[in-house]
S.K.: 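Dumping the structure here so I can ask a few things about it.
The basis for the numbers below is simple: all heavy atoms, side chains too, and nothing from hydrogens, waters or symmetry mates. What you are looking at is a predicted structure, and each value in this text was computed from that prediction instead of being measured.
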Amino acid sequence: MKFSYYIAKRYLFSPGSSNAINIITGIAAAGVVIGAMALFLVLCGFAGLKDFSLQFSSYFDPDLKIFPSSGKTITFTNAQKEKLSKLEGIASFSEIIEERVFLEFKDKQKTGFIKGVDANYKNVIETDSIIFAGEWLTGNDAQVVAGFGVSRELGMGVEQIYTNFLSIYVPKPGKGIPKDPSKAFRKKTAVNTGIYTVNEDLDKKYIFSTIGLARDLLQLPKDQITNIELKLSTDTDEDVVTKQLLELFKEQNVIVKNRIQLNDTLYKMLNTENLASYLVITLIAIIALFNVAGAIIMMIIDKKNNIKTLYNLGATLPRIRRIFLFQGSLMTVLGAFFGLLLGFIVILCQQQFGLLMITPSLAYPTKITVLSFIIVFFTITVIGIIASLLASSRINQKLVSF
C-alpha cells in the first residue's frame with residue numbers, strides 16, 4: 001500500500017514526458033476544482049434561498065396550529081382553555097376566527113379574509129416585525145390592520161382620524177337568493193389603523209381585526225372559534241405537545257399542524273428545486289470528472305515502460321493498478337478541497353459585497369452549512385474514485401508483457 005501510494009504521489013506531482021500529457025492532466029484537475037466549486041455554490045445558493053423564502057412564514061405562521069377536521073369551527077370552552085394553558089411546553093396561545101369577506105372602501109371593492117385575533121396574538125406572532133405603517137390593534141373593535149396589497153388595491157391608507165371607514169361584508173347563512181340583496185350580507189365598519197407586510201400573497205389576502213369584531217360579524221357563540229395558534233417554549237418536544245393537544249380535543253377530531261406542514265407546498269417546491277439542481281450539477285461534475293479517467297489512461301500509456309519495469313521487479317498487477325487508482329483519487333480529493341475553498345471564498349464575498357444582486361437593494365441570499373461541505377466532498381470524491389478505478393482497470397497482463 002505504501003509502495004503504491006508513494007509512486008502515485010510522484011506521478012501526480014511530477015511532469016509527464018510530453019506537454020500533451022501535462023495539459024490533459026491539468027484540464028482534468030481543473031475540471032474537478034470547477035465541478036466541486038459549482039456544486040458548492042449551488043447548494044449554498046439554494047440553502048440561502050430556502051431560508052429567505054421561509055423566513056416570512058416564521059413572521060406569520062405559529063409553531064403549531066389547531067384546525068377542525070371537518071366544518072369551519074371548533075368548540076373551545078373555558079375548561080379547555082385552562083387545561084391548555086397548563087400544558088407543559090406551551091408558551092402562549094391565541095384564539096382565531098377566520099373567514100372570507102367582501103371589502104369595500106370608498107368606491108373600490110375586493111374579496112379577502114378577515115382574521116380576528118385576541119390580545120394574546122402578539123405573544124404568539126411578533127406583530128411588531130410585520131407592521132409596515134401605523135400601529136397594531138389596540139383592542140378597539142372598530143379597528144383593522146390591512147395587508148400592504150389590500151391597502152394598495154383599495155387605495156386605503158392609515159387613518160389617524162376616524163373619518164374613512166372600511167366596510168366588511170359576509171354572506172348570511174341560508175338557502176336560495178333573497179328578494180332584497182341588501183339583506184343577504186352582514187356588515188361591519190372599521191378604521192384601518194395599520195398596514196402589515198409579510199409577502200405578496202399574504203399582503204393582499206388578509207386583514208386583521210379583534211376577535212370581537214370577527215365574532216360579531218359572523219355571529220358566532222363565545223365558545224366557537226375557527227382555529228388556535230400556539231407558540232412553544234424553547235427546546236420543547238413538538239411531537240409530545242401534539243399528542244397532548246389531540247388528547248385534549250379528542251371529542252372534536254381536530255388536526256394539529258406545525259410550521260412545515262402549514263407550508264407543505266412551499267417546502268416541497270424548494271426541496272424539489274434543490275434536488276433537481278443538485279442532480280444537474282452532479283451530472284456536469286460526472287462528465288468533468290471522467291476527464292480524470294482519460295488523464296489516468298493517458299498517464300498509463302505515458303508510463304508504459306515504467307510499468308513494465310515495476311512488473312519485472314516483482315510488483316503485481318493489483319499493486320500497479322493501485323498506483324493509478326491512488327493517483328486519480330489524490331487528484332480528486334485535492335481538487336475537491338481546492339474547489340470547496342474557492343467556493344467558500346466566493347460565498348463569503350457574496351455575503352460581504354453582494355456580487356450578485358436580485359434587486360438594487362437585495363443581494364442573492366446564500367447560506368454556508370456543514371452539510372454542503374460534506375455533500376460536495378463525498379459526491380466529488382466518490383465519482384472521482386469510480387472514474388480512477390475504471391481507468392486503472394485498463395492495466396492488464398497484455399500491457400506488461402513484451
Side-chain angles (χ1 to χ4, degrees), residues 47-48 50-98 113 115-131 136-137 139 145 147 196-199 201-202 205-206 208-211 214 223-271 367 369-371:
K50 184 176 181 179
D51 278 6
F52 179 77
S53 300
L54 296 176
Q55 70 177 332
F56 299 108
S57 68
S58 65
Y59 297 149
F60 193 83
D61 294 322
D63 295 330
L64 290 176
K65 193 169 185 176
I66 304 173
F67 299 88
S69 58
S70 61
K72 290 187 175 182
T73 62
I74 57 175
T75 301
F76 192 36
T77 63
N78 290 329
Q80 289 174 316
K81 292 178 188 180
E82 186 175 351
K83 290 180 181 179
L84 183 58
S85 62
K86 292 181 179 178
L87 285 182
E88 187 176 352
I90 296 179
S92 188
F93 67 89
S94 176
E95 301 173 55
I96 308 294
I97 294 178
E98 187 175 321
F113 283 82
K115 186 167 184 175
V117 299
D118 60 17
N120 209 33
Y121 184 73
K122 59 185 178 182
N123 296 323
V124 177
I125 301 296
E126 295 181 4
T127 55
D128 291 342
S129 64
I130 65 173
I131 285 293
W136 188 250
L137 305 169
V145 173
Y196 75 88
T197 178
V198 179
N199 61 44
D201 290 336
L202 294 174
K205 181 178 180 181
Y206 285 102
F208 285 94
S209 75
T210 63
I211 195 169
D223 62 348
Q224 294 289 308
I225 56 175
T226 57
N227 52 71
I228 305 170
E229 299 189 359
L230 304 98
K231 181 178 179 61
L232 302 183
S233 304
T234 307
D235 300 327
T236 296
D237 190 328
E238 189 178 274
D239 294 333
V240 172
V241 175
T242 300
K243 290 179 181 178
Q244 292 174 336
L245 293 173
L246 291 173
E247 178 66 23
L248 179 60
F249 292 92
K250 61 182 179 180
E251 296 181 358
Q252 301 183 57
N253 295 321
V254 299
I255 299 171
V256 181
K257 291 187 177 182
N258 58 25
R259 186 173 291 143
I260 294 176
Q261 292 166 334
L262 290 170
N263 296 277
D264 186 50
T265 302
L266 179 59
Y267 273 87
K268 286 181 179 178
M269 180 189 71
L270 292 172
N271 289 334
K367 181 181 179 182
T369 64
V370 175
L371 184 61

S.K.: Once you round to the nearest 0.5 Å, how far does CD of Q261 lie from OG1 of T242?
M.R.: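 Nearest 0.5 Å value for the CD-OG1 distance: 7.5 Å.
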S.K.: Can you find a pair of side-chain heavy atoms, one from F93 and one from E229, that are under 4.5 Å apart?
M.R.: no
S.K.: Do V241 and L64 have side chains that get closer than 4.5 Å, going by heavy atoms?
M.R.: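 Touching, per the 4.5 Å side-chain cut-off.
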S.K.: Roughly how far, to the nearest 0.5 Å, is CD1 of I130 from CD1 of I125?
M.R.: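 The CD1 atom of I130 is 7.5 Å from CD1 of I125, to the nearest 0.5 Å.
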S.K.: Within the distance-only criterion (no hydrogens, no angle test), does the side chain of S69 pair as donor or acceptor with the backbone N or O of N253 below 3.5 angstrom?
M.R.: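 Side chain of S69 to backbone of N253, a donor-acceptor pair under 3.5 Å: yes, one is there.
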S.K.: Set out, in order, the CA-CA distance, both residues' side-chain angles and the distance that settles side chain to side chain contact (heavy atoms under 4.5 Å, CB included) for I225 and I74, then state yes or no.
M.R.: CA-CA 6 Å; I225 56 175; I74 57 175; 3.8 Å; yes
S.K.: What are the two closest heavy atoms between I255 and P68, and how far apart are they?
M.R.: CD1-O, 4.5 Å
S.K.: State, yes or no, whether a side-chain contact exists between Q252 and Q80 at a heavy-atom distance under 4.5 Å.
M.R.: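 SC-SC contact between Q252 and Q80 confirmed.
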S.K.: When the ring centroid of Y196 is compared with that of W136, is the distance short of 6.0 Å?
M.R.: no
S.K.: Roughly how far, to the nearest 0.5 Å, is CD1 of I260 from CD of E238?
M.R.: 7.5 Å
S.K.: Mark yes when over 12 heavy atoms from residues, nucleotides or ligands other than E126 sit less than 6.0 Å from its CD; otherwise mark no.
M.R.: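 Atom CD in E126 is not crowded, with 12 or fewer foreign heavy atoms closer than 6.0 Å.
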S.K.: Evaluate the side-chain proximity of D223 to F76: yes if any heavy-atom separation is below 4.5 Å, no if none is.
M.R.: no
S.K.: When you look at L137 and V117, which way does the side chain to side chain contact (heavy atoms under 4.5 Å, CB included) test go after all the steps?
M.R.: CA-CA 9 Å; L137 305 169; V117 299; 4.1 Å; yes
S.K.: Could you tell me whether the side chains of S94 and D118 share a donor-acceptor contact shorter than 3.5 Å?
M.R.: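 Yes.
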S.K.: From T73 OG1 over to Q224 CD, what is the distance, rounded to the nearest 0.5 angstrom?
M.R.: 4.0 Å
S.K.: Verify, without hydrogens or angle tests, whether T236 (side chain) and L232 (backbone) share a donor-acceptor contact under 3.5 angstrom.
M.R.: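 Not at all, since once roles are kept as given, no pair shorter than 3.5 Å links the two residues.
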S.K.: With rounding to the nearest 0.5 Å, note down the distance linking OG1 in T75 to CD in E251.
M.R.: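 Going from the OG1 atom of T75 to the CD atom of E251 covers 10.0 Å.
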S.K.: So how far is it from E88 CD to D237 CG, rounded to the nearest 0.5 Å?
M.R.: 10.5 Å
S.K.: Begin from the C-alpha positions of K367 and T369 and carry the test side chain to side chain contact (heavy atoms under 4.5 Å, CB included) through to its verdict.
M.R.: CA-CA 6 Å; K367 181 181 179 182; T369 64; 3.9 Å; yes
S.K.: Strictly below 4.0 Å, N to O, side chains only: are K72 and E98 in salt-bridge contact?
M.R.: no
S.K.: Taking only residues two or more places apart in sequence, or in another chain, which ones meet D63 in a side-chain hydrogen bond (donor to acceptor under 3.5 Å, both in side chains)?
M.R.: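 R259.
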S.K.: Between G116 and A214, what is the shortest heavy-atom contact and its length?
M.R.: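 Minimum heavy-atom contact is CA-CB, 3.8 Å.
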S.K.: I'd like to know whether I211 forms a side chain to side chain contact (heavy atoms under 4.5 Å, CB included) with I96, so could you lay out the CA-CA distance, the side-chain angles of the two residues, the decisive distance to 0.1 Å, and finally the verdict.
M.R.: CA-CA 7 Å; I211 195 169; I96 308 294; over 6 Å; no
S.K.: Flag the pair P62 / L230 as yes when at least one side-chain heavy-atom distance between them is below 4.5 Å, and no otherwise.
M.R.: no
S.K.: Do V254 and I66 have side chains that get closer than 4.5 Å, going by heavy atoms?
M.R.: yes
S.K.: Check K86 with E82, please: is the shortest side-chain N to carboxylate O separation under 4.0 Å?
M.R.: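 So E82 pairs with K86 through a salt bridge.
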S.K.: Would you call L245 and L84 a side-chain contact if the rule is heavy atoms closer than 4.5 Å?
M.R.: yes
S.K.: In terms of side-chain geometry, is the basic nitrogen of K83 or E247 positioned less than 4.0 Å from the acidic oxygen of its partner?
M.R.: no
S.K.: For A91 and S233, which heavy atoms make the closest approach, and how far apart are they?
M.R.: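 Closest approach of A91 to S233, heavy atoms only: N-OG, 3.7 Å.
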S.K.: Using a strict cut-off of less than 4.0 Å between a Lys/Arg side-chain nitrogen and an Asp/Glu carboxylate oxygen, indicate whether D264 and K268 qualify as a salt bridge.
M.R.: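 Yes.
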S.K.: Parallel under 30°, tilted from 30 to 60°, perpendicular over 60°: which one fits the rings of Y121 and F208?
M.R.: tilted
S.K.: For N258 and K65, does a side-chain donor sit closer than 3.5 Å to a side-chain acceptor?
M.R.: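 K65 and N258 do not have a side-chain donor-acceptor pair below 3.5 Å.
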